[in-house]
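A quick write-up on the structure given underneath.
If you're wondering where the values come from, they're calculated on a predicted model, not measured in any experiment. Below, read A as the first sequence line, B as the second, and so on, with proteins coming before strands; counting in each chain starts at 1.
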2 protein chains.
Amino acid sequence: MFELRLVQGSLLKKVLESIKDLVNDANFDCSSTGFSLQAMDSSHVALVALLLRSEGFEHYRCDCNLTMGMNLANIAKMLKCAGNDDIITIKADDGTDTVTFMFESPSQDKISDFEMKLMDIDSEHLGIPEAEYEAIIRMPSAEFARICRDLSSIGDTVVISVTKEGVRFSARGDIGAANIVCRQNATVDKPEDATIIEMQEPVTLTFALRYMNSFTKATPLAEQVTISMSSDLPVVVEYKVAGMGYIRYYLAPKIEEEEEEEVAAHAQTKPKAETKLKVETKPKVEPELMEVAEDEKESKPLAESKPKEEPQLLECHKLDEESKPLVDGKPKVENKLGASTNGEIEIMDIEQ
Amino acid sequence: MFELRLVQGSLLKKVLESIKDLVNDANFDCSSTGFSLQAMDSSHVALVALLLRSEGFEHYRCDCNLTMGMNLANIAKMLKCAGNDDIITIKADDGTDTVTFMFESPSQDKISDFEMKLMDIDSEHLGIPEAEYEAIIRMPSAEFARICRDLSSIGDTVVISVTKEGVRFSARGDIGAANIVCRQNATVDKPEDATIIEMQEPVTLTFALRYMNSFTKATPLAEQVTISMSSDLPVVVEYKVAGMGYIRYYLAPKIEEEEEEEVAAHAQTKPKAETKLKVETKPKVEPELMEVAEDEKESKPLAESKPKEEPQLLECHKLDEESKPLVDGKPKVENKLGASTNGEIEIMDIEQ
DNA sequence: GAACTGACAA
DNA sequence: TTGTCAGTTC
């Protein structure tokens, strides 16, 4: 049986609000180490990875590994019925195909339980490489959200450009062009207001603002956001879930025809090459839970990790002109617990 | 002539917001004892009864009994033009077919008057029995509203089940099932937070959430709501209007095929039998104003009233399979002041 | 005081 | 379904 209890139920509500717009259905993986989810967004362009470690819960019990397929909008609907101060308990008995959400009001006068049917969702467990990133930006999450929202009213894409001096967000559209520069600033009163840039190499990448704005739904979860970038690697936008884990969003950059130092100049004028998000499924031995458990001890989760000798699982590069998507829908790879799926799956970026 | 003056004009605004969505046109009955309204909702399933006693007004004058037919949405429209702190005066001269709403701003700097034509509305004065209820729940109105709203996202109907321990609200739908249990709790800091259950007999009834959610529009009027239930009687949902009277909503329960102790089990799976709301008009001698005038002295308005030897005027029971509505629209019974109408009117529940 | 969210009306 | 509004929160 599986049971978890979270006193600060609002955390779970926020987590679901953060991903329900991006992903329709997803498998939650429950193991003794924690509660996690990995899923591509419904247009198969972005990827969400959620981890809530067992230590973060007041009570956590998971007798055997368990995959629960659920519709995220439905979970969110039910969690909306929980008060912000409610204690949330999630239960799944072995052998049943339902999960129960229990909400206890702080006064214990009102106890609600919501039962939901589990779904059978075909999905591979995606391999996400622990890459070394050329630039990592840490900044107030609200500021990042504001920038993405503001730039959306100018254009559809943002060019993020990191130099030693700071990070520049640029957009360009019919009504004009915008540049927002944030300077590194570690000398603030409150650490959550800091903007810190760790840079090995200057990086300039272009992204669809539509997805960035989806990512910023997680802003209420954390004061700070971490944006990790390398040329030709998907950006990672990470929000910590206090004391429990994280939500990470991955998004492949749009490819420029030629690399330009002056990025803003042609940002919207030239058509971007299509971007392919290549995902390889790998044997699911839960390495993610292990690796990430370290990430809160050191505040730079990905930058200083040693280059792994693993294959590059998540990468993006220019598509041949006529290349077609190999898989245009849900990859039909069974991923029962313990089953090793090694097929390579390539997912076409439809309309980023 | 008729004239009333209410310093706390926001009360009247809230009252009209509470009923305008349920009822289109209605007759307001003005007598020396107060200002009242009884009307079925536009689909003839629910019934609203409003009473504002003359003592509640700063000034109240009613020379002779008077029925004013008005469109509630139009009144609400006009009242929206009044500030929340405005003093409201309503005037109707004899022999005219208009009513005037006057709004004085607190500073007296702005005085508005709105004139409205009265309508001739055919409607019987409905007889509402003073029944004895098997269970009466008193709880915070906001909590009741929250429960109805939450359950609406799960299903269309709510099963309300009262036992000594508390009251359970259940719903069931495509995405799952929900149970919300509220325990009796009289030992709270503020009396308006109390949940109190007076129960002679356990009761379980099923209602359409759509109507319940309409009723909760009255939530701003009162901190507490009273829900009175008996098997096979319409539920009464009552909100007090501070110092003046009340709004009561009546709704016939959906009939279960069989009475079940475990209600939730079949809540949504079996089609409910149609419910007929049988209303008998009776000579209008304003007994309601009399009776209800007592209801604030004792806080249990309906429960402890002696069983009356009146005919059961508002009842519901299963319809024969092919029975047709005898009256499918507005009952065409003239109800001029003082005229005694005794025809029996049966109104079909269309699609609760 | 500003921004966000949820509720309501068109 | 969308736009607006008010309440709430930070």
Side-chain angles (χ1 to χ4, degrees), chain A residues 8-22 72-86 103 106 139-153 180 188-194 209-210 212-225 239-240 242, chain B residues 9-11 13-24 41-42 71-86 140-154 192 209-223 225 239:
Chain A
Q8 200 182 345
S10 58
L11 272 186
L12 209 56
K13 293 179 61 151
K14 287 180 195 163
V15 163
L16 266 120
E17 288 302 311
S18 305
I19 52 181
K20 73 157 208 283
D21 290 336
L22 214 49
L72 296 192
N74 288 345
I75 307 177
K77 241 185 213 175
M78 292 194 166
L79 288 177
K80 274 201 178 149
C81 301
N84 273 328
D85 304 323
D86 284 4
F103 311 138
M139 65 187 295
S141 57
E143 195 171 321
F144 178 62
R146 177 69 194 259
I147 290 169
C148 292
R149 181 158 51 87
D150 286 349
L151 290 184
S152 302
S153 66
I180 301 175
V188 286
D189 295 343
K190 301 174 213 158
E192 63 264 31
D193 292 338
L209 275 167
R210 175 182 154 212
M212 285 294 174
N213 277 313
S214 276
F215 301 167
T216 59
K217 293 271 159 63
T219 303
L221 272 172
E223 297 270 8
Q224 288 247 317
V225 62
Y239 296 84
K240 292 259 189 287
Chain B
S10 59
L11 272 186
K13 294 179 60 150
K14 287 180 194 162
V15 163
L16 265 118
E17 289 301 311
S18 305
I19 51 182
K20 73 158 207 286
D21 290 336
L22 214 48
V23 180
N24 295 333
D41 86 292
S42 38
N71 176 286
L72 297 192
N74 289 343
I75 308 177
K77 245 184 215 170
M78 292 195 166
L79 288 178
K80 273 198 179 155
C81 304
N84 272 328
D85 304 323
D86 283 6
S141 57
E143 193 169 321
F144 178 62
R146 174 74 195 257
I147 290 170
C148 291
R149 179 161 51 88
D150 284 349
L151 290 184
S152 303
S153 68
I154 307 295
E192 63 263 31
L209 276 166
R210 176 183 151 209
Y211 292 100
M212 285 293 174
N213 277 315
S214 276
F215 301 168
T216 59
K217 294 270 160 64
T219 303
L221 273 171
E223 296 270 8
V225 62
Y239 297 84

- Item | Straight-line distance of A:Leu209 CG to A:Phe215 CZ, nearest 0.5 Å | 11.0 Å

- Task: Give, for atom OH of A:Tyr239 and atom OG of A:Ser18, the distance between the pair rounded to the nearest 0.5 Å.
- Result: 8.5 Å

- Between the CG atom in A:Asp193 and the CD atom in A:Glu223, the distance rounded to the nearest 0.5 Å is 7.5 Å

- Task: Using salt bridge (charged side-chain N to carboxylate O under 4.0 Å, His left out) as the criterion, list what pairs up with A:Asp85, not counting sequence neighbours.
- Result: none

- Just by modelled atom types, is the A:Leu22 backbone N or O under 3.5 Å from a matching donor or acceptor in the A:Ser214 side chain? no

- Query: Are A:Met139 and A:Val225 close enough, and set up right, to give a side-chain contact (heavy atoms from CB on, under 4.5 Å), and what steps lead you there?
  - Reply: CA-CA 6 Å; A:Met139 65 187 295; A:Val225 62; 3.8 Å; yes

- Span of DNA chain C in contact with chain A (heavy atoms, under 4.0 Å): C:dA3 to C:dC4

Please produce a list of atom pairs where a protein N or O lies less than 3.5 Å from an N or O of nucleotides 1-7 of chain D.
none

- Query: Hey, does B:Ser42 have a side-chain heavy atom less than 4.5 Å from the side chain of B:Val23?
  - Reply: no

- Message: Closest-nucleotide mapping onto DNA chain C: is A:Arg146 or A:Lys80 further toward the 5' terminus? I mean the 5' end.
- Response: A:Arg146

Quick one: side chains of residues 72-83 of chain A, donor-acceptor pairs under 3.5 Å with protein atoms, not counting sequence neighbours, listed by atom name and distance.
none

- Query: Under a 4.0 Å heavy-atom cut-off, which of residues 14-24 of chain B touch DNA chain C?
  - Reply: B:Glu17, B:Lys20

- Query: In Å and rounded to the nearest 0.5 Å, what is the CG to CG distance from B:Asp21 to B:Leu16?
  - Reply: 10.5 Å

- Query: What residue pairs, at least two apart or across chains, pass side chain to side chain donor-acceptor pair (under 3.5 Å) with a residue in residues 142-152 of chain B?
  - Reply: B:Arg146-B:Asp150, B:Ser152-B:Asn213

